[in-house]
Structures are given as C-alpha cells and as structure tokens.
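What follows is a single structure, written as structure tokens, with notes after it.
Order of the sequence lines fixes the chain letters, A, B, ..., with proteins taken first and strands second; residue numbering starts at 1 for each chain.
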Amino acid sequence: MGHKTFGFFRKTRLYGSQNNFTGSFNLEYNVKTMEKSWQEYWAKKRSFEPSEDFLKEKKYILSMFPFPSGRLHMGHVRNYTLSDAFARYYRQQGFNVLHPIGFDSFGMPAENAAIKNGSHPKKWTYDNIDYMKGEFKSLGFSFSKERELATSDELYTKFEQGFIIDMYEKGLLYRKKGFLNWCPSCHTVLANEQVIDGSCWRCDSDVVKKDMNQYYFKITQYGDELLSDLHKLEGGWPKQVLTMQENWIGKSNGLEFKLSFDEKSQERLDSKFEGFSVFTTRPDTIYGVSYAALAPEHEIVSYMIENSLLDSDTIHKIKEMKNASSIDRQKEKSGVALNLHVVHPLTKKHVPIWVANFVLMDYGSGAVMAVPAHDERDFDFAKKYDLPIRGVIKPFGEEFSADKPFTDVGELFDSEMFNGLNSKEAQAKIIEHFEDKKIGKKTTNFKLKDWGVSRQRYWGAPIPFVHCHDCGIVMEKKENLPIALPEDIVITGEGNPLDHHPSWKHCKCPKCGIDALRETDTMDTFVESSWYFLRFCASPKNWEKEAFSKEQIKYWMHQGVDHYIGGIEHAILHLLYARFFTKVFRDLGYLEFDEPFGRLLTQGMVLKDGAKMSKSKGNTVDPDAIIEKYGADTARLFILFAAPPTQELEWNDNAVEGAYKFIKRFYERSANAYKTDKIPFIEHAKLNKEEKFARKKVYEALVRAEDVYTEKYTFNTMIAGVMEAMNALNLQSNSDVWSEGYWILTSIMEPVIPHTCWEISSQKFSLANLVQQKVIDEVFVENTLILGVSINGKARVEIEVAPDASNDVIIAMAKESASRWLEGKIIIKEIVVPKKLVNLVVKD
RNA sequence: GCGGAUGUGGUGAAAUUGGUAGACACGCCAGACUUAGGAUCUGGUGCCGUAAGGUGUGGAGGUUCAAGUCCUCUCAUCCGCACCA
C-alpha cells in the first residue's frame with residue numbers, strides 16, 4: 001500500500017477554496033482510508049512481533065491490561081498511546097521490543113451482565129474482547145498480536161492453578177476462618193484493599209463483617225521485604241506510589257507484652273483466660289497506663305457474651321459497637337467497663353478493662369494498653385468515662401500539663417527506675433527490661449494483612465482443591481489442570497453458581513479416590529493480574545507446554561519491565577500483589593529477581609468539564625467517535641500534546657481540532673520534500689540565515705525527543721519542538737533543508753502519529769528514515785550570539801556579539817546599547833553570563 | 001490528623017535546573033483571499049498605559065548582581081491513608 005496513495009488531505013489542499021462540502025467530506029474519507037491501509041499493512045507484515053533473538057538488546061513496554069468492559073474509554077486510549085509511543089520509539093532505536101496486550105477478563109461485571117440481560121459471562125466477555133481488539137487496531141497500537149491473551153482462557157487458568165498448588169505446598173496459601181469483609185450486594189468476600197471507606201470498591205454498598213472460611217495468601221510473610229525493596233524502585237517509580245505502598249504495609253516497631261488478670265477476674269472468666277497481650281509503639285509511656293481496652297470482637301468479650309457473664313444492657317451496647325459501620329464507629333468513641341482488672345506488669349497496680357469501639361480487632365492483638373496522658377484516643381475515652389489520667393512524660397525543660405495529651409517524645413517522670421530518661425532511651429531500656437524478665441518482647445507489627453483470595457463467584461479461576469471426608473483439603477493433581485468452569489450454568493445473583501451446579505463439584509479425591517467435593521470458591525481476579533506480565537514473556541510456540549521459561553523471563557524481565565504504564569488507582573492493590581508474586585516465584589525458583597517493574601509511569605485521569613469522564617455524569621467522549629471524525633493520529637496527538645502524561649488531561653474539542661489541523665499541515669507541507677532514500681547532505685556554511693535556523697530547529701527537536709523517552713516523559717514539549725521546527729522550515733524554501741527536515745521530523749513523530757508518518761515516509765523516503773537519527777553538531781554553531789542586557793537584573797535591551805567576543809568587548813557593547821539607563825549612574829558591578837546575558841549593577 | 005503533590009496569561013501548558021518568564025498550542029482581535037465559508041494565509045495578543053515606562057509566576061519575608069526556580073513562614077486546591085495502639 002502507500003505508494004499508490006492519492007494523498008489524504010489532497011482535496012482540501014488543491015480544491016479547498018473551491019468547494020467546502022466535498023472538500024471536508026473527502027478529507028475525512030482519505031484519513032480513514034490511509035489509516036486503515038497502514039493498519040492492514042502492519043498486520044500483514046507482522047510488524048510488531050518481538051524477535052526470539054535474545055542477543056539483541058530488549059525493551060519490555062507494558063500497559064496495564066484492560067478489563068473487557070465493552071469499549072475502550074479515553075483513559076485506555078491515553079494509556080496505550082503512551083506505551084505505543086515508547087514501543088515505536090525503541091523499535092526505531094533498534095531494540096527488540098515486547099509490547100504485549102491482554103485482557104483481565106475474569107470478574108464480576110461479566111456476571112452482573114449475565115444477571116441483568118441473561119447473557120453468558122463467557123460470551124459477553126469474549127464478544128467484548130473481540131470488539132476491543134478492533135479498537136486497538138483502529139488506533140494503530142503496535143501490540144504483539146501473537147501474545148494476546150485473556151486471563152479467562154483455560155490455558156491461563158491451567159498454569160495459574162499450578163502456581164496456586166505450589167504456593168499451597170509452600171504454606172503461602174492457607175485456609176482459615178475469619179471475620180471477612182462481605183459485600184451484601186455482590187454476594188462476595190472482599191479483600192481489605194477492596195474496601196474503600198467502609199464500602200465495596202466496585203458497587204459502593206456498605207461492607208459488613210462476616211465470619212467464614214476463606215483462603216489467604218501469606219503476603220505478610222513478605223511484609224518486610226515488600227517494604228525494604230521499595231528503595232530499589234526509587235527513581236523509577238513515582239514517589240507518591242512508593243509512599244502509598246509504604247503506608248499500606250504500615251510497619252511499626254514496639255513492645256508486645258501480656259496483661260494478666262487479677263485473681264478475681266480470672267475466676268469470673270471461669271479460669272479460661274490468664275490475660276491478653278497488647279502491643280505498643282510507646283513503651284516509654286508504660287507507667288501512665290490507667291486502663292486497658294479490648295476490641296468488641298475480642299475473644300474474651302465473645303466468651304463473656306456467650307456465657308452470660310455480662311448484663312444484658314452491656315451486651316446490647318457491645319453488639320451495637322460491633323454492628324456499627326466502620327464510618328459510624330469512627331464518629332464517637334464509646335465503650336463499656338467489663339468489671340475485670342489486670343495487673344500492671346511493672347507497678348503491680350490493678351488496671352480496669354474496658355471494651356472500646358476504637359480498638360480494632362484486626363490490628364495487633366485487638367487489645368491495647370491505654371495511656372490517656374499521652375495518646376489522643378485514650379485521652380478522649382478517659383475524659384468521656386472519667387478514667388484517671390497519669391502523666392509520665394513531660395516536654396524537655398517544661399512541666400507536664402494534664403489539659404491535653406502530650407504525644408511527643410520527652411522526659412520520663414513518675415516512672416520508677418526510668419525517671420529522667422528521654423523517650424527514646426526509655427523505649428529501648430523498657431523493652432530490654434521486659435525481655436530480661438521474660439514478660440514481653442520487641443515486636444514488629446504490620447498494617448498489611450494476609451490477602452484473602454476466595455470469592456463466592458462463578459466467573460473466576462476455580463481454586464484447584466478438593467474437600468475429602470478422609471483426607472481433608474487435597475490439592476488437585478497438576479496433570480488434571482485446568483479445573484475449568486462448567487459452561488452450563490445458571491446465574492441468578494444469589495449465592496455461588498458453582499455450588500448450585502448439579503454435578504460440577506462432585507469428584508473423586510485425588511489422593512484416596514473416594515467421593516469428594518470440589519472447592520467451589522474462585523480466585524480474586526487480582527491473582528490473574530499478578531503474573532500476566534510474566535506470561536507475556538513466554539514464546540507463543542511454547543504456550544501449551546509451559547507458563548514461561550526461565551530463560552525467556554531472564555531476557556525480557558532483565559531489570560524488570562522497562563516501562564510499565566497505567567493508572568494511579570493501582571498504586572496499592574495490583575502493584576503490591578504483583579510484587580508479592582514476583583518474590584514468591586523467585587523463592588519457588590521460577591525467576592531470579594526481586595522486583596517486576598523497573599520504571600512505572602502513572603498517567604493522570606482524562607477529564608471533561610473539570611470532572612473525570614464517567615457515564616453517570618454524561619461527560620464522556622467516545623474514542624470511536626473521535627477516530628471516526630478525525631482519525632486515530634489526531635486522537636493520539638491531542639492526548640500526548642495537551643498535557644504531560646502524569647497530569648490530568650482536560651478534554652478540549654477545540655484543541656482536538658487543532659491537532660487535526662497540525663497533522664493536515666504536516667502532511668501537506670511534505671510536498672516540499674523530495675523523494676530520496678537517504679538523508680540529504682547539506683553544506684551548512686552555504687545556507688542563508690533562515691535555512692540555518694530551520695535546520696537548527698529540526699535538530700533541536702531531535703535532541704529534545706531523546707530524553708523524553710528516558711527521563712522526562714514530556715511528550716508535549718517534544719511535539720512543541722516539532723511544531724517549532726515546522727514553523728521554521730516554512731520560513732525558507734531550500735528543498736534540501738525541507739527534505740532533511742521531513743526525514744527527521746517524520747521519524748520523531750512516528751511514535752505519536754504513526755499512520756501519517758508512515759504515509760509520508762513511504763511516499764518520500766521508502767520508509768528508510770524510520771530509524772534512529774543522528775544529531776549533527778554543526779547546526780548548533782552560531783555566527784553571532786544574542787545576549788540580553790539587564791540593569792540591576794531588569795531586562796533592557798539585546799546585543800548581538802561574535803561567539804568569541806571577549807567580556808570586555810561584550811561589556812562595552814552592553815554599556816553603549818543600554819546607555820540611556822546608565823545616565824547619571826555609577827556602575828558598581830558588571831556580570832557576564834556566557835551565551836546568556838550581561839547584568840550591569842548600578843546606583844545613583 | 002499523617003503522608004504525597006500542585007499553585008505561572010482568558011485556557012492547556014513551557015522555562016536547558018539560579019541567568020531576557022509565558023516556548024508550543026487553544027481561544028480572542030485585526031487584516032488578506034473570497035461564491036464572507038465554522039476553510040486557508042498574514043499579523044497581533046500577560047496586565048496597566050496613547051506612549052516612555054511600570055508591573056507580573058497563590059501570599060509575606062529572606063539569600064543573591066540575578067529567584068517561577070534556593071531558604072523561612074503562610075494560604076489555597078487536589079490525591080492517598082486514616083481511631084494502626
């Protein structure tokens with residue numbers, strides 16, 4: 001194709017002033033034809049398949065893959081336009097580029113669609129995938145076609161289930177009963193990470209707690225490493241994301257010790273409990289403990305309720321606390337006394353026990369020592385219930401005041417042998433003291449919880465376990481994988497369809513062969529996205545045989561994915577899980593590195609009228625409609641030009657039109673370049689001023705393009721540079737300069753507007769210019785320099801000097817041209833900044 | 001409350017990292033060509049001022065010959081986390 005083109009835009013160019021109607025009609029028609037034919041060309045030539053030659057230097061460019069919701073939205077377009085620019089750039093530079101795409105295709109929306117309009121989740125999903133693949137193509141994205149995958153493919157499930165079995169064997173996956181976040185609307189369990197402000201991350205319903213069996217990944221075992229390895233990502237990842245992960249993991253050091261009940265309290269508890277353990281990061285405040293508090297869900301509290309050891313009023317209050325939504329629970333502190341006492345481990349004084357709503361069951365041990373004098377929460381609670389407040393830390397050089405809690409570090413008092421120490425020393429000494437006496441120990445606590453992964457849903461990867469009456473939980477044999485989903489399924493939205501299926505769950509125990517039941521829970525879809533980037537490394541010819549090979553991983557994942565691009569909304573969930581899986585796979589011997597993503601680029605949101613595009617707000621712009629009207633290149637150019645990638649992007653119809661007009665001019669003016677298959681040789685010295693200027697601008701644009709891809713990601717300035725070069729070219733008429741200019745500029749712009757550039761390049765340069773371009777230094781050498789002259793730092797005039805002019809000459813010229821500002825003044829200082837300016841400091 | 005960012009024309013944004021603020025584009029204004037057409041081309045466009053000039057990067061100080069950039073304080077907005085013991 002390409003060569004026989006009759007030129008898109010041609011109608012307007014030649015006849016534009018003749019006939020508006022046909023002009024614009026043909027224009028659009030031609031853009032579409034041109035884009036489509038290049039898309040066919042790339043498909044036919046398999047232009048974007050990575051090579052298997054592992055001696056070549058590689059770049060792995062990855063976008064976060066989409067959920068196949070039906071159609072692409074502008075956020076997707078931004079995401080893939082970015083990764084495509086990287087991929088195309090590195091291909092030009094001669095790298096072996098892996099730029100794959102897939103679909104994160106399990107998940108609730110497929111089932112919700114099934115409930116709503118009776119479609120089968122599988123059909124719904126794969127129809128959407130087909131449609132979206134078409135959209136990728138129409139946007140000219142240079143994805144590897146041969147590595148496309150959907151995580152709901154049985155082949156993908158097969159290997160994933162294999163990994164799950166490996167992890168179970170290693171003890172990294174376990175089953176336990178626990179209080180789980182349950183979404184009553186989605187009828188499923190949610191991970192902590194999926195609960196946003198007490199609501200379901202997907203449907204926004206209030207999340208309730210439910211007591212049930214569920215599988216967990218032991219991500220906490222990697223808590224320390226997930227935290228400490230964050231420093232390896234510094235520089236490559238946005239600071240914000242690193243901080244968010246750090247906070248999420250939430251490591252804190254402190255003292256854990258046991259508070260023991262006094263005799264009377266033990267008796268009341270039927271001698272079932274000796275005491276309970278608490279954790280504190282402030283052991284220096286231990287002499288200030290004036291009460292202790294248990295979470296309403298604490299086992300001691302449950303025991304007392306179950307055995308009627310509390311009056312009905314108290315039980316009622318505790319139940320209220322438990323049932324309050326997490327938002328309500330934060331509103332006001334409340335609690336009840338249990339009429340139990342523990343003995344202070346150091347002072348031996350008796351300390352009352354309360355149940356308090358601000359104590360969280362899922363952090364630490366679900367119980368705290370309370371030091372109202374030095375903790376805001378404990379203080380509020382003590383004030384409300386009139387509990388004693390005992391100060392033991394005072395600000396350095398000041399007295400303690402009981403008006404409000406003093407939460408800073410300071411100097412200890414009323415703390416027996418630790419008096420006079422500062423907080424930091426005291427913390428170490430008190431921990432030491434507890435350890436010596438074997439009544440407590442130094443402990444690290446994490447906010448990070450184990451990752452609950454089972455979902456009571458159909459459209460997910462089945463957990464490959466079998467429940468056998470005799471053998472317990474038995475793993476499926478790997479040769480039986482995948483445990484695939486049944487297709488004849490009824491989806492009503494009530495309960496788990498796999499559980500309700502008449503035959504699917506009935507099987508034989510893989511160990512002893514008797515009748516057994518399959519696990520009907522499926523996995524959280526974040527499991528699939530935790531290793532898809534590794535699957536892309538696998539050569540498609542071995543796809544059936546293995547998930548990926550060590551050799552392939554080693555090559556493509558060297559230093560991690562080179563550029564990983566996606567939304568900030570995955571800063572915690574997906575990125576943390578993927579890091580966890582990488583470390584687990586390393587420990588399972590599948591790979592040999594610690595971190596999966598070397599460089600992460602988090603793109604900003606796409607806004608319209610100042611708000612995030614969303615269907616409910618009715619402010620969406622449909623990518624297909626933009627392509628239809630202006631073509632893919634216009635959409636791509638606008639997206640990269642309007643703002644730097646990390647910032648929010650405000651959609652602007654006028655600016656889209658502007659992008660379209662630029663492409664049109666860019667194409668039309670290529671008429672000024674002649675046909676050649678190598679870059680024109682130009683004797684720079686023989687050029688006139690405008691010609692030299694044009695060349696300088698062209699090469700400046702080239703220089704600018706370089707660090708955009710490696711450092712700054714500011715495609716907007718790269719494109720501005722090309723526009724400046726175009727403007728400069730247009731001021732001169734040397735066809736060598738035009739041709740050289742186009743040779744380079746189409747190369748620079750190809751990652752952004754590939755269709756247009758391949759079209760121009762095929763017409764003029766036989767595609768030979770779409771490779772790395774060399775910078776020529778001589779174009780930057782100036783005959784004269786323009787220096788600014790400022791008086792007292794205020795810009796006044798400009799002077800033109802020879803590049804080798806001495807400072808004396810420059811200053812003399814500056815004085816002369818700025819003489820009107822110097823009259824009657826004394827020059828007290830003269831500063832020459834080479835190639836920049838002259839500053840004269842004067843006074844009256 | 002804690003943490004991370006961001007504040008520059010009418011708008012989206014630049015500024016080689018301390019050196020002539022506003023590149024590039026949108027919009028707007030004027031003009032040209034015209035079957036006045038929402039096309040194309042040319043010129044202008046931070047603000048005040050006819051001009052000379054003054055003034056200007058959220059605000060207030062400071063360092064410096066020179067500050068959007070460095071320091072101190074402060075205000076505003078956005079994002080994340082949040083009773084984490």
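- With hydrogens and angles disregarded, no donor-acceptor distance shorter than 3.5 Å links the side chain of Arg796(A) to the backbone of Val789(A).
- Spacing between rU20(B) and rU72(B) at atom P, rounded to whole Å, works out to 25 Å.
- When distances are taken from the side chain of Ala795(A) to each of rG54(B), rG12(B), rA21(B), the shortest belongs to rA21(B).
- Of all nucleotides listed (rC26(B), rG54(B), rA85(B)), rA85(B) comes nearest to the side chain of Arg377(A).
- Candidate nucleotides rC81(B), rA23(B), rA85(B) were compared by shortest atom distance to the side chain of Leu360(A), and rA85(B) ranks first.
- Atom name P, nucleotides rC28(B) and rU35(B): the rounded distance is 25 Å, in whole Å.
- Ring geometry for Phe381(A) against Trp354(A) counts as perpendicular: the plane angle is over 60°, on a 0 to 90° scale with 30° as the lower cut.
- You'll find that the side chain of Phe641(A) is closest to rC24(B), out of rA13(B), rC24(B), rG4(B).
- Side-chain nitrogen and oxygen atoms of Arg282(A) include none within less than 4.0 Å of the OP1 or OP2 phosphate oxygen of rC84(B).
- Taking a pair to require two hydrogen-bonding distances under 3.5 Å in either a Watson-Crick or a G-U wobble arrangement, rU69(B) remains unpaired.
- Within 4.0 Å of Trp821(A), counting heavy atoms only, lie sugar-phosphate atoms of the nucleic acid but no base atom.
- Comparing the same atom, C1', in rA21(B) and in rA14(B) gives a spacing of 10 Å after rounding to whole Å.
- Nearest-nucleotide assignment on RNA chain B puts the 5′-proximal partner with Val797(A), out of Val797(A) and Asn652(A).
- When the side-chain nitrogen and oxygen atoms of Asn654(A) are compared with OP1 and OP2 of rG27(B), one or more of them lie within a distance under 4.0 Å.
- Here, rG27(B) and rU11(B) have their P atoms 15 Å apart, quoted to the whole Å.
- Glu798(A) comes within 4.0 angstrom of a nucleotide base, judged by non-hydrogen atoms across all strands.
- Asn716(A) comes within 4.0 angstrom of the backbone, heavy atoms only, and of no base.
- When each of rA85(B), rA52(B), rG19(B) is scored by its nearest atom to the side-chain atoms of Thr281(A), the top-ranked nucleotide is rA85(B).
- Applying the Watson-Crick and G-U wobble criteria (two distances, each under 3.5 Å), rU42(B) pairs with rA30(B).
- Nucleic acid contact for Thr714(A): none, since no nucleic acid atom lies under 4.0 Å from a heavy atom of the residue.
- Within the 4.0 Å cut-off from OP1 or OP2 of rA85(B), at least one side-chain nitrogen or oxygen of Ser252(A) is found.
- Here Lys836(A) lies in heavy-atom contact (under 4.0 Å) with a base.
- With respect to the salt-bridge test (charged N to carboxylate O, under 4.0 angstrom), the residues Glu700(A) and Lys697(A) qualify.
- Glycosidic conformation, rA82(B): anti, with the torsion outside 90° of 0.
- Taking atom C1' on both rU57(B) and rG18(B), the two are 15 Å apart, rounded to the nearest angstrom.
- Ile786(A) comes within contact range of at least one nucleobase, with a heavy-atom separation under 4.0 Å.
- Taking atom P on both rA15(B) and rG22(B), the two are 13 Å apart, rounded to the nearest angstrom.
- Backbone-only engagement by Val841(A) is indicated by non-hydrogen atom pairs under 4.0 Å involving sugar-phosphate atoms exclusively.
- An OP1 or OP2 oxygen of rG53(B) is reached within less than 4.0 angstrom by a side-chain nitrogen or oxygen of Arg820(A).
- Between rA23(B) and Arg704(A), no contact under 4.0 Å exists linking OP1 or OP2 to a side-chain N or O.
- Counting any heavy atom pair closer than 4.0 Å across all strands shown, Thr280(A) reaches sugar-phosphate atoms only and no base atom.
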task = Quick one: do Phe641(A) and Phe715(A) satisfy ring-ring contact (aromatic ring centres under 6.0 Å, His included)? Show the steps, please.
result = CA-CA 6 Å; Phe641(A) 182 58; Phe715(A) 293 95; over 10 Å; no
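- Residue-level contact check: Lys794(A) touches the backbone only, with heavy atoms under 4.0 Å from sugar-phosphate atoms and none from bases.
- No side-chain donor-acceptor contact under 3.5 Å links Asn672(A) to the backbone of Trp738(A).
- Taking atom C1' in both rG31(B) and rG49(B), one finds a spacing of 25 Å when rounded to whole Å.
- Using the six-membered ring where Trp is involved, Phe406(A) and His374(A) have ring planes that are perpendicular, over 60° apart on the 30 and 60° scheme.
- Residue Gln330(A) is classed as a base contact, given a heavy-atom separation below 4.0 Å to a base.
- Checking rA13(B), rA85(B), rC41(B) against the side-chain heavy atoms of Gln647(A) singles out rA13(B) as nearest.
- Among the atoms of the strands shown, none is found under 4.0 Å from any heavy atom of Val371(A).
- Contact annotation for Lys661(A): backbone-only contact, meaning every heavy-atom pair under 4.0 Å involves sugar-phosphate atoms and none involves a base.
- Side-chain proximity of Lys712(A) to the nucleotides rA13(B), rG4(B), rA15(B) is greatest for rA15(B).
- rG9(B) takes the syn form, because its glycosidic angle lies no more than 90° either side of 0.
- Contact between the side-chain N/O atoms of Lys843(A) and the OP1/OP2 oxygens of rC65(B) is not found at any separation under 4.0 Å.
- Of all nucleotides listed (rG4(B), rA15(B), rU42(B)), rU42(B) comes nearest to the side chain of Asn730(A).
- rU50(B) shows a glycosidic angle more than 90° from 0 and is accordingly assigned anti.
- Counting any heavy atom pair closer than 4.0 Å across all strands shown, Asn357(A) reaches a base atom.
- Pro644(A) comes within 4.0 angstrom of sugar-phosphate atoms only, judged by non-hydrogen atoms across all strands, and of no base.
- Side-chain polar atoms of Asn445(A) and Ser252(A) form no donor-acceptor pair below 3.5 angstrom.
- Between His574(A) and His570(A), the ring-plane angle classifies as perpendicular under the 30° and 60° cut-offs.
- Listed pair Asn727(A) / rA25(B) meets the phosphate criterion, a side-chain N or O lying under 4.0 Å from OP1 or OP2.
- The side chain of Arg796(A) has rG53(B) as its nearest neighbour among rA25(B), rG80(B), rG53(B).
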